[in-house]
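Here is the structure we will look at, set down as structure tokens.
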Amino acid sequence: MAREAAAGDRDAEVAGFYDRLSRYFHLIHADWWDSVRRDAATVDRMIRARLPHFAEPAGTRILDCAAGIGTQSIGLHRLGYDVLACDASTEALETLQEHLAKDAEASRRPLRTQQADFRKLPETLPGERFDVVIALDNSVAHMLTNADLEAALASMGAMAKPGGLVLVALRPYDQLLEERPLVMPPQPSVTPERISYQIWRWSGTDLLTPHLFLILPDDRVLTWHTTLRAIRLREVTDTWKRLGWRAEALQPEQSGHFQPLVVASKA
């Protein structure tokens, strides 16, 4: 019971972190709308090149199971894909809809959202299946144990149709574990809207606590923090293989995505 209570506390902490951050999350990006366009274009290329039965966006179902405020969902929706955006944070999903309403093209048709823990997708979405499942922007780094990582990937895989794809992206932790940087990025990111930077505190062999800071034009200083696990790409590909999937790790120069990407397909 104590272990279950601790797990529940951790789940609430992660959801609360994004509940508090969601209204400001777009400011972490130097140009969030540009990130929306670039990420959608990258995923679109991957789908067209790797999904065996791809015909057209409108006939392709995508589950973004770590949607956040819509950095990938909105752009893919705008390209015509049939997107379901899920996240553990209800505040993030509300913010997604607010951002969607600001895009005249994307808001012409509704984008469906659903609160969900990506370790429990079959229970939350019974009977649903998708051509592509995505979990980008380092989302699986919240899985602090091997058991949680395996549960998350198994859950994502269960939502894919036969012949479907699952895309998972992480920070370049293989390199970061060697360097253990204390400030990310090395220099603060400065725009007229904000100054953004992170302080990283490392603990144990692979845990880190990033402290996110935003300095706003009115001189307010906002900060948030959570705990992540620096998961090596091999850990992700090996887990997929144990689950019976093929998995390929791609570096940014191979995929065009800004983070290392693991592409999984059912063996």
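Index from 1, following the sequence.
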TODO: State yes or no: do Tyr24 and Trp33 share one hydrophobic cluster built from I, L, V, M, F, W and Y residues joined by side-chain heavy-atom distances below 4.5 Å, directly or via other members?
DONE: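 Yes, Tyr24 connects to Trp33 through the hydrophobic network.
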Charged N to carboxylate O under 4.0 angstrom, [X] versus [Y]?
X	Y	result
Arg229	Glu235	yes
Glu128	Lys161	no
Arg50	Glu248	yes
Arg232	Glu178	yes

Side-chain H-bond candidate by donor/acceptor type, [X] with [Y], under 3.5 Å:
X	Y	answer
His142	Tyr18	yes
Tyr173	Asp206	no
His225	Thr209	no

Quick check: closest heavy atoms across [X] and [Y], and the distance to 0.1 Å?
X	Y	value
Leu93	Ala85	CD2-O, 3.9 Å
Ala141	Ile231	CA-CD1, 4.1 Å
Pro181	Trp200	O-CB, 3.5 Å
Ser89	Asp87	N-OD2, 2.9 Å

Open item on the list: Students often mix this up, so state it plainly: with edges at 30° and 60°, are the rings of His99 and His26 parallel, tilted or perpendicular?
Closed with: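 Plane angle over 60°, so perpendicular.
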